[in-house]
2 protein chains.
Amino acid sequence: MPRPRSRLRLADVAERAGVSLTTASRALAGRDGVREEVAERVRRISQELGYVANPHARTLAGGTASTVGLIVHQIDDPYFSEIAGGVIQRAGEQNLIVQICHSGRDPQNELRQVRHLIAQRVGVVIIAGSGYVDPRMEAESKAELSAFQNSGGRLTVIGRHFLGADAVRPDNKAGAETVTGHLLSLGHRRIAVAAGDARLSTVADRLAGVAAALERAGLPAAGLPVVHTDFTRGGGRDAAERILRDHPDTTAIVALNDAMAIGVLSALREHGVPVPHRMSVAGFNDISIAADLAPGLTTVRLPLAEMGRQALCLALMPRASRPRRKSTGHALVVRDSTGPAPSV
Amino acid sequence: MPRPRSRLRLADVAERAGVSLTTASRALAGRDGVREEVAERVRRISQELGYVANPHARTLAGGTASTVGLIVHQIDDPYFSEIAGGVIQRAGEQNLIVQICHSGRDPQNELRQVRHLIAQRVGVVIIAGSGYVDPRMEAESKAELSAFQNSGGRLTVIGRHFLGADAVRPDNKAGAETVTGHLLSLGHRRIAVAAGDARLSTVADRLAGVAAALERAGLPAAGLPVVHTDFTRGGGRDAAERILRDHPDTTAIVALNDAMAIGVLSALREHGVPVPHRMSVAGFNDISIAADLAPGLTTVRLPLAEMGRQALCLALMPRASRPRRKSTGHALVVRDSTGPAPSV
DNA sequence: GTGAAAGCGCTAACAG
DNA sequence: CTGTTAGCGCTTTCAC
């Protein structure tokens, strides 16, 4: 692509305003060291001319990189697109631009994206989505990201245990405890879990919440059937099949995210298992479609878009001496996919 | 944000390779004017060192801006997130980065985003989503985008009539004709349409398809009840309410996109109207959740992710003397939300 | 074929 | 408070 037509430069504004480049630069950046009256004039002229700074020149000269890099598993997964929506909305208010990359939940690929973003000199990196329990899988990314932070880059993670970075932390354990408690209070005693890849920290955390609820109720968490498959709709289908086959007396399935819950519902429908009369199903996240499934999905609501906003807000604040943690809170949303345990 | 630590520069690579900056630059850009043997050595050294060019310096110096700007209505709308997924995937293969902005379907805001993207010196702009029938609403954006193209920028639109830019064109009219034909063949004669804002070109095109199918069947398209509301789930709900109230003998509703169809289904469920026994419902787009609704949504499939890919592919080819058009094709996906017309 | 030198548009020392 | 002077890292004439 050939070069764009030459646009207005700061020099043009400065000339029109009868000041030097420096003064114009300072005035527009809102830095002080300029008489307010002069600054005002420069700003007005810049406005009139429709001047917009060249971000590349600005970044190159050592200023602020006004882009934020967002790494998600897949943008067409509602969990991530809702979070991304929040990030983009917040960015728009600040005239920042958001660059989105896919990690595909693959540490190697994520590393590539992290490097790419850093090479692009973004000022902010936000990583959304579960990490792995085993720190070794992410060691390289971490190293790269630490260096990024040490050189002044801002990093925020959403739903990931990354000590040393500001974090938005979904209420994974507590949420899972709440939804399991809901099932228990409906009289369910034979609960099974459709879980994602056991190596994912989110899966581990939510699983811990399920176990905690069981224990609190004085039930043995040890015998809890947990089926680990993909953390996706397809995984949910597989999990449901296996639960139906291996644990036929199950009366409730906790899916560790809504995508899996959707898969579970789909499999149960195929098998003619009525929900919730014969089997209750609960999800996690409350992606917006959850309300429109039939039956409506009982799930744990996380404020997804808000989480995206928050993540960017954190990143936009100067780095604190100790990483900040924002917990999301959660809310149980009871719809029609859960009901009293069938009295066998 | 302070400046990032200084990274490897081209000068470092050049020095290591014992050549000048110029030669190194040429070698890495794959331009000729360098002995192949030397070029090879430079590339190898650059590789070993892990050198990545500073894109800002490159862009500033007048080279290629290796970012693509994607404007969507809202990223958390599945129609757009699936398209975006395709764009991002293709971009990843090329080591390009995708910047995403929301237009909110507001021409003024879209204009802002277009300007912002152009000011960022992106090399490619992709605009996804319907435009308005009235060209005046988009005149400003068009002017800006034409200038962008004339200065060498590449533009592709998805689902928008923008003469003068490469375009991916969803099969709106034909698709609507197909799905309406499906309903007619099931014996439906009292069909109503849940349509979005009448000023949207996509709505107009799909509506034309519905009318065409009716006429082809020898039915008067004139009396067709068309309810114009928002092109969203909420709009679908409103439309269904109105159809139920004003045209109680309707046996089938064509929603002009899946989001509206979801709203229609939701309203019908609330009113206790059985689908498809008392009312058939069809959508448009086949967003991935369509298969998981209950009843499964009969809809017109558009290859959403593929459309995103295609759009970027078009943009990556050199501009043709005449704008290229890629039609998407479409497929009717019959699920459980449509059935024979009730024999009253 | 190869290199030296001049910018791209901006910010940031450093002087006044 | 304001202006002058160097670069930021790269591409690109223009000489050799």
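In the text below, chain A, chain B and the rest are named by the order of the sequence lines, each starting its count at 1. What's counted below: heavy atoms across the whole structure, side chains too, no hydrogens, waters or symmetry copies.
- Within the structure, every side-chain polar atom (N or O) of B:Y51 is placed at least 4.0 Å from both OP1 and OP2 of D:dG9.
- Between B:R41 and B:E37, none of the side-chain N atoms (NZ, or NE/NH1/NH2) sits under 4.0 Å from a carboxylate O, so this pair counts as no salt bridge.
- Atom-to-atom, CD of B:Q120 to P of C:dC8 comes out at 21 Å; the value is rounded to the nearest Å.
- Rounded to whole Å, the distance from CG on B:D12 to C1' on D:dC8 is 14 Å.
- At least one side-chain nitrogen or oxygen of B:R58 sits closer than 4.0 Å to the OP1 or OP2 atom of D:dT11.
- With no hydrogens or angles considered, no side-chain donor-acceptor pair links A:Q47 and A:R43 at under 3.5 Å.
- Within the structure, every side-chain polar atom (N or O) of A:R121 is placed at least 4.0 Å from both OP1 and OP2 of D:dC8.
- Screening residues 28-59 of chain B for ring-ring contact (aromatic ring centres under 6.0 Å, His included) gives A:H56-B:H56 as the qualifying pairs, with residues at least two apart or on separate chains.
- A donor-acceptor contact shorter than 3.5 Å is absent between the side chain of B:D76 and the backbone of A:G85.
- A straight line from NE2 of A:H56 to C1' of C:dC8 spans 12 Å, rounded to a whole angstrom.
- Listed nucleotides D:dG9, C:dG1, D:dT2 differ in distance to A:R35; the shortest reach to its side chain belongs to D:dT2.
- One atom, CD of B:E40, and another, P of C:dG1, lie 17 Å apart when rounded to the nearest Å.
- Just one of B:R319, B:R324, B:Q149, B:Q310 meets the side chain to side chain donor-acceptor pair (under 3.5 Å) condition when paired with B:D166; it is B:R324.
- In this structure a side-chain-to-backbone donor-acceptor pair under 3.5 Å is present from B:D12 to B:R9.
- Rounded to an integer number of Å, the gap from CG of A:L28 to C1' of C:dA12 is 16 Å.
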Atom pairs, protein N/O to nucleotides 3-6 of chain C N/O, distance under 3.5 Å:
| residue | atom | partner | partner atom | Å |
| --- | --- | --- | --- | --- |
| C:dG3 | OP2 | B:S20 | N | 3.1 |
| C:dG3 | OP2 | B:S20 | OG | 3.2 |
| C:dG3 | OP2 | B:T23 | OG1 | 2.7 |
| C:dG3 | N7 | B:R26 | NH2 | 3.2 |
| C:dG3 | O6 | B:R26 | NH2 | 3.1 |
| C:dA4 | N7 | B:T22 | OG1 | 3.4 |
| C:dA4 | N6 | B:T22 | OG1 | 2.6 |

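- Here D:dC1 presents its C1' atom at 12 Å from CD of A:E37, a figure rounded to the nearest Å.
- Between the CG atom of A:L60 and the P atom of C:dC8 there is a distance of 13 Å, given to the nearest Å.
- Rounded to whole angstrom, the span from the CG atom of B:D32 across to the C1' atom of C:dG1 amounts to 11 Å.
- In this structure, A:A53 reaches the sugar-phosphate backbone alone: every heavy-atom distance under 4.0 Å involves primed, P, OP1 or OP2 atoms, never a base.
- Here the side chain of A:S20 pairs a donor or acceptor atom with the backbone of A:T23 at under 3.5 angstrom.
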